Each structure stands twice: as structure tokens, then as C-alpha cells.
**Student:** 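Here you go, one structure.
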Amino acid sequence: MAMAMAMSRSNAGRGIRLMSTSGWWKAVEPAPKDPILGVTEAFLADTDPNKVNVGVGAYRDDQGKPVVLQSVREAERRILGKENMEYLPMGGSVKMVEESIKLAYGENADVLKDKRVAAVQALSGTGACRLFAEFQKRFRPESQIYIPVPTWANHHNIWRDANVPQRTFHYYHPETRGLDFASLMDDVKNAPNGSFFLLHACAHNPTGVDPTEEQWKEISYQFKVKNHYPFFDMAYQGFASGDTDRDAKAIRIFLEDGHQIACAQSFAKNMGLYGQRVGCLSVICDDAKQAVAVKSQLQQIARPMYSNPPVHGALLVYSILSDPDLKALWHKEVKVMADRIIGMREALRGNLENLGSPLSWNHVTDQIGMFCYSGMTPEQVDRLTSEFHIYLTRNGRISMAGVTTGNVEYLANAIHEVTKSSEKELKAGAV
Amino acid sequence: MEGQADRDGDLRFQPTAGSAVSAFQHLEQAPEDPILGVTVAYNKDPSPVKLNLGVGAYRTEEGKPLVLDVVRQAEELLIQDRSRYKEYIPIAGLVEFNKLSAKLILGDGSPAIGEKRVATAQCLSGTGSLRVGAEFLSKHYSQHIIYIPVPTWGNHPKIFNLGGLSVKTYRYYDPRTSGLDYEGMLEDLHAAPPGAIVLLHACAHNPTGVDPTQDQWEGIRQLIRLKGLLPFFDSAYQGFASGSLDADAYSVRLFVGDGGECLIAQSFAKNMGLYGERVGALSIVCRSATVATRVESQLKLVIRPMYSSPPIHGASIVATILSDRNLYYNWTVELKNMADRIISMRHQLYDALKARGTPGDWSHIIKQIGMFTFTGLNKDQVSFMTAEYHIYLTSDGRISMAGLSSKTVPHLADAIHAAVLRLG
């Protein structure tokens with residue numbers, strides 16, 4: 001009683017201030033700007049009329065405008081006024097997840113028939129990767145993750161925050177601006193048996209460099225020899241070649257070889273649902289019973305993170321994938337996006353060659369997907385920004401989705417300007 | 001774990017991790033979530049008189065989920081605005097939504113907002129806001145212990161543990177009075193180490209429905225400030241508890257009014273009926289604007305590796321409603337209707353038990369506030385009610401008043417009556 005009475009009697013009650021006047025957060029340092037998203041912020045702040053944003057990987061049409069797919073607008077129209085907004089289960093929309101894994105593994109995949117896939121709705125690709133990283137930490141606490149060099153910067157953050165130690169493996173070959181296949185295979189062979197590897201299923205981010213089908217087969221074979229665990233991040237299915245089956249080829253090869261893989265899927269780019277945060281994490285298991293167990297454990301990770309995933313985006317994805325007409329329309333629209341990007345690659349390369357650049361620009365059309373790893377140095381990138389108001393990440397990654405018939409010449413000129421006299425570049429390019 | 005492969009042989013039929021064994025062979029099926037598991041069990045029951053009083057989602061008098069009129073109107077407005085694209089929103093969420101959410105909980109003229117001392121990030125409902133807050137604290141705050149009340153929402157300890165904090169408890173509910181153990185609470189908080197974090201339910205405590213009085217809140221505030229403890233508010237029922245947004249924000253505003261710092265997790269799941277859209281906000285009230293800016297930048301580093309940026313849809317709906325005077329006003333009316341219906345259910349249930357002469361003091365049913373009533377029934381009585389009367393509730397005896405209607409109150413009263421008589 002005494003304490004309670006003392007508290008309520010205190011006349012100076014409302015005058016009691018904090019014990020410490022300086023607050024608890026004085027020691028908090030300002031965080032560095034996100035290297036990718038910070039680029040768009042800077043672009044938006046620039047008032048120059050010629051400014052070009054080839055930073056963040058969000059699709060733009062040839063007018064440089066963001067696009068909402070027709071199939072998405074139709075799906076929105078269909079669900080308007082009908083959503084009841086109840087909580088989804090922890091594992092998300094079962095119907096959406098079923099469609100999602102059909103898309104990834106192929107409608108007639110044995111793993112689906114045998115119900116061996118544990119799958120949950122996730123918060124786009126990031127959320128799917130994070131769920132897997134936490135799952136890996138919980139059930140394979142001794143394991144590490146091998147991450148390609150380079151990779152999407154946030155991959156490092158994700159596995160770090162999940163407390164999974166990281167190692168790297170060779171991937172990009174700066175001299176050829178292609179795949180360093182020999183070193184990649186060496187790293188696969190030298191890693192301890194049973195290592196976990198992060199693989200980009202298609203349209204590698206940031207380089208756009210993908211293994212060929214033959215190379216994927218060799219990688220898969222070596223993974224079998226070494227009993228490695230393949231985790232695929234598939235953020236661009238359909239977006240790379242225009243064909244969803246073709247873009248999932250690596251995964252299908254691994255499945256044929258009997259690997260039990262895990263896969264993070266994102267609908268941010270291929271359905272243009274960026275802000276809806278829709279994705280899927282799937283883990284292939286021994287049998288149906290284990291799949292049920294694995295799914296239950298994935299749910300246990302989701303529950304204390306966000307309880308259950310958002311319903312709106314899931315309904316959009318399900319509406320599109322489950323309706324044959326909408327799905328067909330969507331496939332067409334994805335191909336249009338992919339084709340436009342391929343066209344811009346050709347245009348950019350053509351322009352640079354016509355300008356008489358002494359460097360080789362084959363990689364612009366050899367690489368695939370949203371990004372082109374130009375090979376430009378940070379200093380050259382800085383010049384592009386300060387002199388030409390062209391915004392991209394300092395690793396020289398150009399988002400081809402931001403290139404249009406209206407700005408490709410300007411872009412080519414600028415790139416030519418900042419690279420034409422680089423000795424190092426000349427040496428590297430002269431193959 | 002040597003590779004079993006014969007290089008000349010066909011590896012096709014040997015799964016990864018050799019010897020035909022999965023990398024996750026050893027893992028076991030997780031137990032059902034105790035709260036969400038209730039609905040799973042309810043769904044399986046074929047009985048026509050079954051009643052779901054488990055999860056806290058509002059139901060109408062007809063037992064149906066409710067989508068607010070203002071929400072439907074906001075959706076119409078949003079879909080018609082073709083200039084809206086579905087791009088990524090910022091890591092910390094929609095700017096407009098964040099401003100409006102902070103204003104809603106802190107009050108229009110809050111000096112903390114005027115002085116730009118509040119860092120707000122849109123998060124995935126209450127759960128997401130709590131988790132982001134916990135991870136932020138574990139990375140940047142010197143104390144990693146959080147005190148939670150007994151009892152509390154079942155998901156709280158897991159959120160904080162996985163967020164990197166260790167969990168201790170303070171006394172809260174007094175089963176003898178079915179009310180607050182105020183003295184016990186103060187004693188336990190007094191014994192906490194300086195700087196420890198304290199989880200406070202802003203109103204409509206879940207699962208008990210027992211809230212401190214205004215005087216008691218003042219006593220709690222004084223003690224917390226005296227001991228230099230850091231308050232972390234979970235505000236999941238603003239407007240939903242009493243029907244008044246301001247009244248339900250009393251505790252938070254009391255603390256912020258003394259100039260001190262705190263964290264606030266807001267959910268729009270119940271008060272806007274946006275459950276599945278996962279809309280919420282984490283606000284950190286700081287001592288200065290410069291600190292708030294730095295705090296916001298660090299929040300982004302917690303969010304980015306978790307899900308990059310929050311979902312756009314639900315937050316857009318909330319921002320549309322909060323920023324439009326008519327929609328806002330209509331929302332307050334709909335909110336009051338929901339709160340009033342729940343209060344009415346409380347009275348009806350209390351009256352029904354009195355009418356049956358059910359042994360015991362049931363006045364806590366009308367004293368407690370918010371979505372839930374902590375009946376005081378034990379596990380066995382709960383099991384009995386499920387088995388014999390097809391009534392589904394969590395084993396701690398918590399019932400969701402929102403799941404009741406005038407038609408179903410008699411059935412529940414019968415079940416409680418029988419349970420108390422049979423197993424009392």
C-alpha cells in the first residue's frame with residue numbers, strides 16, 4: 001500500500017522529470033543512406049530538366065513513367081468492395097501460395113504432385129529471404145551462407161540480421177564483364193560439403209550476368225557431389241527473357257537433378273506490385289509430412305515478426321494467376337516489359353559503338369534483366385551525376401528500365417564522355 | 001556428411017545432403033499458435049451452435065466480419081485515382097500516413113510533434129511495430145531487458161525475444177479481485193534496473209480488459225520517470241475501448257506530456273477493421289529533433305533487411321480517412337458503434353449470469369474494457385465449454401466480446417453456468 005499512497009499523494013507528481021536530461025538516444029549515430037534508395041532521393045531533389053534516373057530497379061515505360069499492368073488493374077477492379085480484410089493465416093493466402101509455386105516449379109512438377117513443398121506467403125523477395133535466413137539459423141545453426149560477388153546489397157544485411165555467418169563465392173568477372181565460371185566452380189568445390197549457397201535464379205542483380213544452361217547443369221552436378229544446399233532468389237521470373245518458364249530454367253534443372261532447394265519469389269517487378277510486398281518462400285522437403293512440419297516452423301518465424309502477411313497484394317496475385325485469361329494477359333504484358341528492356345540494351349550499345357567508343361560494350365546486350373553492370377568506376381559514376389545529372393548506383397549498375405528512346409542518346413553520350421579517356425578502361429576493354 | 005555420389009553414376013535420384021536425407025530432417029512440427037489455433041479448431045467443428053470467442057476480430061450483431069463504410073469509400077477513392085502507382089513506398093512508409101498516425105495517438109497540438117521530436121515508421125500492424133521497436137532497442141539501447149505484465153498477449157514474449165531483448169515480468173492482474181494489482185505492479189517496477197524497458201498496454205489490456213485508472217496511471221508515470229525506465233506502449237485499441245479516441249490515448253499523452261521519451265506501437269487492425277492489411281506505426285518520442293532524425297535513419301536499417309518497405313494498401317486507406325474531415329468524422333461514428341455494441345454485450349452477459357444465479361461475482365465483465373473479458377474460468381472449465389457447448393475461447397479463459405451477439409449471449413451464459421456448477 002505504501003508505495004501506491006506515496007505515488008498518489010505526491011504534490012510534485014506532475015513535476016517529476018526524467019532522471020537523465022540528455023535522453024536515451026544521444027549515442028545513436030545517423031545511419032548511412034541506403035545506397036540504392038538514396039539514389040532516387042537525390043534524383044528527385046535535382047531540378048535539371050535533363051536528369052535521368054537509372055538507379056532503382058523499378059520498371060518504367062518508354063515515356064519514363066511507372067506502369068500499372070492492365071492485368072493488375074483488372075484484378076483490382078474485380079476485388080474492389082469484396083475484400084473482407086480478415087487476418088490471413090500466418091502462412092498467408094493458401095490459394096496464392098499454390099499458384100506461386102506452380103509458377104516457380106512448373107504446373108506438373110513432381111514435387112507439387114507429391115506435396116513436398118512447404119510454402120508460405122512472404123513480404124516480397126526481401127521477406128522471403130529473411131524468413132529463410134531465420135529458418136536456416138534456427139534449424140541449421142552451424143551453417144553459413146555463401147553469397148555471390150557482387151550481389152544485391154541487402155542480401156548481406158538480411159543474413160547478418162539473422163545472425164548467419166557469411167562467406168562469398170566468385171561470380172562476376174570484371175575483365176570480361178561476364179561470369180567467372182572457373183572461379184565459381186572452384187569455390188563450389190572448395191566449400192565444405194553441405195554448404196548453403198545463395199543463387200540468383202535469373203537476371204542476376206546487379207550484374208545481369210547469368211550462367212548458361214550448360215553452366216547451370218555443371219553447377220547442379222557439382223552441388224550434388226558436394227551435397228550443397230541451393231537457395232534461389234528469383235526476383236525477375238518472366239522479366240528477364242519474357243518467358244516465365246525459361247527464366248525458371250535453373251530451378252527446373254536443379255529439380256530434375258533431385259536437389260531439395262528453397263526459393264524466394266517476388267512479384268514486385270514481374271507484376272509491378274512493388275509496394276504491395278507480395279512474395280513467397282518455398283522449401284522442398286523429403287515428403288508431405290515433412291513439408292507440413294517445415295511450413296509450421298516457417299509460420300513460427302512469421303508470427304513474432306508480423307503475425308500474418310498483408311492480404312491485398314495476395315488477392316491480386318491470386319486473381320491473376322488463377323484466371324486463364326488474366327494470366328495470359330499478364331504473360332503478354334511481362335513480355336512487353338522484357339522486350340522493351342532488351343530493345344534499350346541494343347539501342348544503348350548501338351549508340352556507344354556509333355560514337356566510336358574505344359571500349360567494348362558487348363556486355364550491354366549479353367547481360368540480361370533489369371540491370372547492366374557497365375564496368376564504370378565510382379569516379380566515372382560521380383561525373384555522370386555531377387556533370388550530366390544521371391543517377392545510378394556507384395557500382396556502375398544501370399537500371400535499363402529507366403532507359404527510354406527519349407534519353408538513350410543522352411545517356412550514351414554521357415557514358416562515352418566519362419569513359420573515352422580512361423586508360424584503365426582502355427586496357428580492360430581491349431580484349 | 002560425405003558426398004555419396006559415384007562420379008560415373010547418375011546423381012539424379014539422390015537429393016541434396018546425400019544419404020537421401022533432407023537438410024531439415026530433424027525438425028519437428030511446431031505446436032499450433034494458441035490463439036490462432038482456436039479458430040482452426042472452431043472451423044473444424046460441424047455443430048450449428050458453435051461460437052468463436054477466440055481471436056479478437058470484431059463481429060457484427062449478425063456474427064459477420066465488418067468492413068467499415070469509410071474504408072470502402074476510401075478504397076473507391078484510391079482506385080479511381082489513376083495517378084497512384086504501386087511503386088515502392090519509402091522504407092519508413094508513407095509520409096502522410098506517419099504524420100497522421102502520430103497525430104492520432106499524441107493529439108493534435110502535441111508539443112512533441114510541434115518540436116519534431118517524434119520519429120515514426122509505418123510498420124506491419126501492432127506486431128510489426130513491436131518487432132521493429134524491439135530490434136531497434138536491442139541494437140541501440142543500453143538496456144536489453146523488457147518488463148511485460150502478467151498476463152499479456154501471447155505473442156509479446158516471442159516478439160521481444162526474437163527481437164533481441166530478454167523478458168522479465170511485472171505483476172498486473174489480480175485474480176482475487178479480477179482487477180489491477182496496482183501495489184504489486186509498482187513494487188516490481190521499482191525493483192527493475194535503471195533504464196529497463198517497460199511494456200504498457202495503452203488501453204483495453206489484452207487479455208484481461210483491466211486498465212489502470214487515471215490516478216493510477218499518474219502513479220505509474222511518476223515511478224517510471226523516477227527510476228529512469230523506458231516506456232514502450234502497445235496501442236492496439238485506440239477508440240475501440242471507450243468509443244473515444246482521445247480518452248483511449250490518455251495514458252500515452254500523460255507520459256509524452258511530461259517531456260520524456262517513449263516508444264509507441266500503434267495498430268489499425270481493430271479500430272479501422274483493417275486486420276489483414278497489416279497497418280500500424282511505430283513512433284519513438286525523443287528529447288530533440290536532431291535525435292529523432294538520427295533515430296529514424298536507424299529504424300530504416302532495421303526495416304530494410306526485414307521486408308525493405310511496408311505494404312501500401314492499408315496505409316493509403318488510413319491516410320485517406322484521417323486526412324478527410326468527413327471520412328474522419330464518419331469513422332469516429334462507426335468506431336463508437338463498435339465500442340458501444342461491445343459494451344452492450346458486456347451488460348447482456350452480466351445480466352444473463354445474474355438471471356441464472358451463476359455462483360460468483362461477475363461484475364468484472366462490466367468493469368473490464370475493450371474487446372476481451374478475462375472470465376476467470378480455468379482450463380478445465382474452458383475445455384468443458386468447448387466440448388459440451390461448442391464454444392471456442394483461449395484456455396486462459398479469455399473471451400472476445402466482439403464475437404458475441406444478443407442471440408448467442410444466452411448460449412454462452414448457459415455454458416458458463418454449467419461449467420461453474422460442474423467444475424467450480
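Letters go in sequence order (proteins before strands), and every chain restarts at 1. Just so we're clear, the structure is a prediction, and the values are computed from it rather than from any experiment.
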**Student:** Output the option from A:Asn157, A:Asn308, A:Leu131 having the highest count of non-hydrogen pairs under 4.5 Å with chain B.
**Tutor:**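 Ranked by contacts with chain B, first place is A:Asn308.
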
**Student:** Could you check if a side-chain atom of A:Val311 sits within less than 4.5 angstrom of a side-chain atom of B:Glu277, using non-hydrogen atoms only?
**Tutor:**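 Yes, at least one pair of side-chain atoms sits under 4.5 Å.
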
**Student:** Can you name the nearest heavy-atom pair linking B:Ala30 to A:Ser296, along with the distance?
**Tutor:** N-OG, 2.8 Å

**Student:** Give a yes or no answer on whether the side chain of A:Gln297 reaches the backbone of B:Glu28 with a donor-acceptor pair at less than 3.5 Å.
**Tutor:** yes

**Student:** Flag the one option from A:Met305, A:His156, A:Arg303, A:Arg130 with the top tally of heavy-atom pairs under 4.5 Å to chain B.
**Tutor:** A:Arg303

**Student:** Taking all atoms of both residues into account, what is the closest heavy-atom pair of A:Gln300 and B:Pro31, and its distance?
**Tutor:** NE2-O, 3.4 Å

**Student:** Between chain B and each of A:Gln136, A:Gln290, A:Met90, count heavy-atom pairs under 4.5 Å; write down the option with the most.
**Tutor:** A:Gln290

**Student:** Checking heavy atoms, do the side chain of A:Phe196, its backbone, both or neither come under 4.5 Å from chain B?
**Tutor:**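 Just the side chain, heavy atoms under 4.5 Å.
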
**Student:** State, with a plain yes or no, whether a side-chain heavy atom of B:Pro305 is found less than 4.5 Å away from one of A:Asn154.
**Tutor:**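 Heavy-atom side-chain distance check passes, below 4.5 Å.
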
**Student:** Relative to chain B, which segment of A:Pro309 carries a heavy atom at a distance below 4.5 Å: side chain, backbone, both, or neither?
**Tutor:**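 Interface part for A:Pro309: backbone (N, CA, C, O).
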
**Student:** Can you say whether the rings of A:His312 and B:His313 are parallel (under 30°), tilted (30 to 60°) or perpendicular (over 60°)?
**Tutor:** parallel

**Student:** Using non-hydrogen atoms and a 4.5 Å limit, figure out which bit of A:Ala268 sits close to chain B: side chain, backbone, both or neither.
**Tutor:** side chain

**Student:** Can you tell me how far the OH atom of A:Tyr87 sits from the CG atom of B:Leu274, to the nearest 0.5 Å?
**Tutor:**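 One gets 10.5 Å once the value is rounded to the nearest 0.5 Å.
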
**Student:** Show your working on side chain to side chain contact (heavy atoms under 4.5 Å, CB included) between A:Arg138 and B:Leu162 and close with a plain yes or no.
**Tutor:** CA-CA 11 Å; A:Arg138 188 172 285 194; B:Leu162 288 181; 3.5 Å; yes

**Student:** Between chain A and each of B:Ile159, B:Ile89, B:Asn155, count heavy-atom pairs under 4.5 Å; write down the option with the most.
**Tutor:** B:Asn155

**Student:** Should B:Ile312 and A:Gln276 be marked as a side chain to side chain contact (heavy atoms under 4.5 Å, CB included) after you check the CA-CA gap, both sets of side-chain angles, and the distance that decides it?
**Tutor:** CA-CA 6 Å; B:Ile312 187 177; A:Gln276 302 288 343; 3.6 Å; yes

**Student:** So how far is it from A:Ile79 CD1 to B:Ile79 CD1, rounded to the nearest 0.5 Å?
**Tutor:** 8.0 Å

**Student:** When only pairs under 4.5 Å are counted, which of B:Lys64, B:Arg131, B:Glu76 shares the most heavy-atom pairs with chain A?
**Tutor:** B:Arg131

**Student:** With heavy-atom distances below 4.5 Å as the criterion, would you say the side chains of A:Arg277 and B:Ser309 are in contact?
**Tutor:**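 Yes, close enough: below the 4.5 Å cut-off.
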
**Student:** Any salt bridge between B:Arg59 and A:Glu86, counting N to O under 4.0 Å?
**Tutor:** yes

**Student:** Is A:Ser307 close to chain B through its backbone or its side chain, or both, or neither, when contacts mean heavy atoms under 4.5 Å?
**Tutor:**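 Both backbone and side chain.
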
**Student:** If you tally heavy-atom pairs under 4.5 Å against chain B, which of A:Val278, A:Ile158, A:Asn163, A:Ile301 wins?
**Tutor:**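 Most heavy-atom pairs within the cutoff with chain B belong to A:Ile158.
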
**Student:** So what's closer than 4.5 Å to chain B heavy atoms on A:Glu83: side chain, backbone, both or neither?
**Tutor:**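 For A:Glu83, heavy atoms of backbone and side chain both lie under 4.5 Å from chain B.
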
**Student:** Using a cut-off of under 4.5 Å on heavy-atom pairs, state which of A:Lys82, A:Arg77, A:Glu41, A:Lys295 scores highest against chain B.
**Tutor:**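 It is A:Lys82.
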
**Student:** Salt bridge between B:Arg304 and A:Asp161, side-chain N to carboxylate O under 4.0 Å?
**Tutor:** no

**Student:** Can you check whether A:Gly81's main-chain N or O pairs, donor with acceptor, with B:Arg72's side chain at less than 3.5 Å?
**Tutor:** yes

**Student:** Using side chain to side chain contact (heavy atoms under 4.5 Å, CB included), reason through A:Met85 and B:Val71 one step at a time and then give a plain yes or no.
**Tutor:** CA-CA 10 Å; A:Met85 284 153 195; B:Val71 167; 3.9 Å; yes

**Student:** Heavy-atom distances under 4.5 Å only: say whether A:Lys269 touches chain B with side chain, backbone, both or neither.
**Tutor:** side chain

